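Remarks on the structure that follows.
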2 protein chains.
Amino acid sequence: MENTCPLNYGLEVFGDRWSLLVIRDIAFWGKKTFGEFLRSNERPATNILAGRLARLEKNGFIVKRTDEKDKRKEIYSLTEKGLDLIPMLMEIGAWAAKYDPRQPEEFKQFVTMVRADQQRLTAHFIDKVRNGGAIFADAVGRQSGDGPIE
Amino acid sequence: MENTCPLNYGLEVFGDRWSLLVIRDIAFWGKKTFGEFLRSNERPATNILAGRLARLEKNGFIVKRTDEKDKRKEIYSLTEKGLDLIPMLMEIGAWAAKYDPRQPEEFKQFVTMVRADQQRLTAHFIDKVRNGGAIFADAVGRQSGDGPIE
DNA sequence: ATTATTTACTTGTTTTTTGCAAGTATGCTA
DNA sequence: TAGCATACTTGCAAAAAACAAGTAAATAAT
């Protein structure tokens, strides 16, 4: 990283598709394990996913700990540094709500709601995720296509 | 694009490093031509840059027109769809201002200022860029390292 | 207790993308 | 009209991604 542009810095440490999709899965869908990330709609390859999880951990965006109830599982969660990406993810969502014709009305309303009281709601969502929840409810079983709000 | 996740949609159409750096160069530094993008700190390869400009144009983020004063030059500018990425770019900047230790105090203050009256200022910046200006003044000659505010 | 299954990965191999070094076409400039 | 600037393109090597298997440890089923 030869220069100090903040955007370039961000793009180099978290700015690739698979990394951001993992962060999304944790923050918006409450996913926590390798297998759950693997079964996302976008279907990452196992080696790519493993690499991204390692890098995200190395760079301090996520931490992992072994599940005490099932020691095969590793539980991944966001650090403060990772939680602070939520506002950016929401801006991407807001953009897509406006320009992706496939986004449902339901989601556009969600964005409007967020925009109406941006900082208060953002803080609320970060808090929710910090405490083990997820922005779109705490349901991993739900699919992206099901619509965003509980 | 097989599924309808807004984040995934965004990442597929604009979500790679070189595309976002071009958008940044236009919006934040007022750059407009192939040569100006090429001479950015990150030094893209000519073929990659050409490819990204073509894709950004195809996907409706930028438009190009020939410079009337110098017909060798193509002038690139953001469409409304591209301008609407500015809030997301600012969120990445805000994140980096917090987590990249190399960001100068000056830039952190800029972020604080933006945060204090987010929507009003965001609209102002978009307007500035829409009218041919740039967020960090209208100076292409300036370098990223020079500091963000005029 | 043994076998099968689940989970989190690794390890090749192929395919795609990137990055580098040139080269080309067109318009301006001296 | 000779050189130079500008916006590209092309060919090749290197890196990264995607695909297909395989491995090791823990749990579940018989």
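Below, chains carry the letters A, B, ... as their sequence lines are ordered, and counting in each starts from 1. Below, all heavy atoms of this structure are taken into account, side chains as well, without hydrogens, waters or symmetry copies. It should be emphasised that the depicted structure is a prediction, and the values quoted were computed from it without experimental measurement.
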Along DNA chain D (nearest heavy atom to each residue), the more 5'-positioned of A/Arg43 and A/Lys69: A/Arg43
Presence of salt bridge, B/Lys98 and A/Glu80, under 4.0 angstrom: no
B/Arg24 side chain to A/Asn8 side chain, donor-acceptor N/O pair below 3.5 angstrom: no
Pairwise distance CD1(A/Ile135) to CD1(A/Ile86) - rounded to 0.5 angstrom: 4.5 Å
Residue met sooner reading DNA chain D from 5', once A/Glu68 and A/Ile48 are mapped to nucleotides: A/Ile48
Start and end of the DNA chain C segment that chain B contacts, any atom under 4.0 Å from a heavy atom: C/dT18 to C/dC28
Sugar-phosphate, base or nothing in reach of A/Tyr76, heavy atoms under 4.0 Å: sugar-phosphate
A/Asp16 with A/Arg52: basic N within carboxylate O range, under 4.0 Å: yes
Electrostatic pair B/Glu74:B/Lys32 at N-O distance under 4.0 angstrom: no
Plane angle bin for A/Phe110 and A/Phe125 - parallel if under 30°, tilted between 30 and 60°, otherwise perpendicular: tilted
Given A/Glu68, A/Lys73, A/Lys69, the one that forms side chain to side chain contact (heavy atoms under 4.5 Å, CB included) with A/Lys71: A/Glu68
Pi-cation contact, B/Phe37 with B/Lys31 (under 6.0 Å, within 45°): no
5' to 3' contact window, DNA chain D with chain A (heavy-atom distance under 4.0 Å): D/dA17 to D/dT27
Touch class at under 4.0 angstrom, heavy-atom based, for B/Asp70 against every strand present: sugar-phosphate
